[in-house]
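The structure appears below as structure tokens.
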Amino acid sequence: MVPLAVNTVLPQSLRLKPQLILAILPLGLAFASFLPLTYFAAWLERFLGISPSSAVKSHPNGILWITVFVCVMVALMAGGYIVGWLVNALLSRYALGWSWSTVRAVYMRSQVPSEWLKVDARPRPSGPPLGFASMQKWEAQRAAGPIKFILTRGVLAWGSPMFLAMYVAPTLTRGSDFRFAAVILQLMIWTCAGAFLGTGLWFFSEWNYRKFRRNSEAK
């Protein structure tokens with residue numbers, strides 16, 4: 001099995017409570033990365049000679065700013081996500097008293113306790129292996145193709161809320177006007193970021209799926 005942090009299929013078989021507990025730190029630290037990102041964005045504007053009152057898109061260095069901003073944003077969010085999973089593993093070891101072998105089995109090989117799983121997904125001696133129900137769900141999703149998956153899971157499910165939370169809500173809170181150039185820029189940023197995330201999820205899911213199939217066929 002693959003590490004739990006990048007297992008995009010098994011969570012579909014987890015009960016709601018373990019899902020929420022496991023997600024708090026990785027997602028919380030991933031989104032906390034936006035605090036240093038705002039300072040980095042302001043510094044990058046000054047470094048590239050872009051005035052805060054001018055449209056980034058129309059500046060000669062505007063494309064460079066967008067590219068660097070998106071890359072740093074993804075790197076910071078990925079770093080926060082990974083640190084969150086490391087903290088989860090350390091809490092399991094020292095707060096819950098798990099042995100290191102159990103911690104490695106759960107977080108490195110996705111061999112989660114059976115009580116974390118939904119009843120219909122728990123392995124039985126004579127039944128299908130762990131993850132079989134999740135793989136069936138993924139087969140139904142992958143049949144629709146990668147484009148639909150990336151648009152729905154990446155752009156719409158993640159990019160749209162981020163556009164609202166990171167641009168629309170702050171603009172309304174400050175009482176500022178919505179400038180056409182700024183709206184287009186923000187749409188471009190969060191559409192690209194959402195598409196990047198959706199693409200990553202698709203390939204991770206395919207990787208999990210193919211590895212599960214190989215392991216199942218080898219038994």
Side-chain angles (χ1 to χ4, degrees), residues 2-12 14-48 50 52 56 64-96 98 103 106-108 110 112 116 150 152-176 178 182-183 185-205:
V2 298
L4 190 58
V6 295
N7 194 325
T8 58
V9 178
L10 180 62
Q12 300 180 55
L14 291 177
R15 293 167 48 232
L16 180 60
K17 184 177 179 180
Q19 281 194 61
L20 294 177
I21 292 175
L22 289 171
I24 287 174
L25 284 173
L27 293 183
L29 291 178
F31 284 105
S33 66
F34 283 105
L35 179 60
L37 185 64
T38 56
Y39 291 101
F40 174 79
W43 173 84
L44 187 61
E45 286 184 351
R46 294 193 300 270
F47 180 78
L48 295 177
I50 302 174
V56 173
L64 177 60
W65 184 92
I66 295 173
T67 303
V68 174
F69 176 84
V70 171
C71 290
V72 172
M73 177 187 67
V74 171
L76 288 176
M77 291 192 71
Y81 183 77
I82 293 171
V83 170
W85 279 105
L86 291 175
V87 175
N88 276 344
L90 292 174
L91 288 175
S92 298
R93 173 66 180 90
Y94 294 106
L96 300 181
W98 290 6
V103 171
V106 171
Y107 291 99
M108 295 304 297
S110 295
V112 300
W116 287 11
I150 292 169
T152 55
R153 295 290 297 273
V155 177
L156 294 179
W158 189 82
S160 296
M162 292 301 297
F163 170 73
L164 295 174
M166 300 303 297
Y167 175 67
V168 175
T171 302
L172 292 174
T173 302
R174 294 192 302 265
S176 304
F178 288 97
V183 172
L185 173 63
Q186 292 293 325
L187 283 173
M188 290 174 56
I189 289 174
W190 296 115
T191 298
C192 292
F196 183 87
L197 176 67
T199 302
L201 288 175
W202 172 268
F203 282 108
F204 269 126
S205 299

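- The stretch residues 79-93 participates, sequence neighbours left out, in these side chain to side chain donor-acceptor pair (under 3.5 Å) pairs: Y81-W85, S92-Y107.
- Note: L14 CG to I21 CD1 = 11.0 Å, rounded to the nearest 0.5 Å.
- Residue pairs meeting the side chain to side chain donor-acceptor pair (under 3.5 Å) criterion with at least one member in residues 186-196, sequence neighbours excluded: Q186-W190.
- Taking both residues in full, the closest heavy atoms of S33 and M77 are given as OG-CG, 3.5 Å, listed atom of the first, atom of the second, then distance.
- Closest approach of S110 and P3 over heavy atoms only: OG-C, 3.6 Å.
- The two residues A165 and P170 make their nearest non-hydrogen contact at O-CD, 3.2 Å.
- Residues L22 and L4 form a side-chain contact, since some pair of their non-hydrogen atoms from C-beta on lies under 4.5 Å apart.
- The CZ atom of F31 sits 13.5 Å away from atom CG of L76, with the distance rounded to the nearest 0.5 Å.
- Looking only at side-chain heavy atoms (C-beta outward), V106 and W98 come within less than 4.5 Å of each other.
- Residues F34 and M162 have side chains in contact (heavy-atom distance under 4.5 Å, counting atoms from C-beta outward).
- Residues passing the ring pair (Phe, Tyr, Trp, His ring centres under 6.0 Å) test with W65 are F69, sequence neighbours excluded.
- K17 places none of its side-chain heavy atoms less than 4.5 Å from the side chain of W116.
- The CG atom of L29 sits 11.0 Å away from the CD1 atom of I24 when rounded to the nearest 0.5 Å.
- Distance CG/L156 to CD1/I150: 12.0 Å, rounded to 0.5 Å.
- Within 6.0 Å of atom CZ in F178, more than 12 heavy atoms from other residues, nucleotides or ligands are found, so the atom counts as buried in its surroundings.
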Run the side-chain contact (heavy atoms from CB on, under 4.5 Å) check on V183 and Y167 step by step: do they pass? CA-CA 8 Å; V183 172; Y167 175 67; 3.6 Å; yes
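- In this structure a side-chain-to-backbone donor-acceptor pair under 3.5 Å is missing from S160 to A157.
- Between the SG atom of C192 and the CG atom of L187 there is a distance of 10.5 Å, given to the nearest 0.5 Å.
- Using a 4.5 Å cut-off on side-chain heavy atoms (C-beta onward), F40 and V68 make contact.
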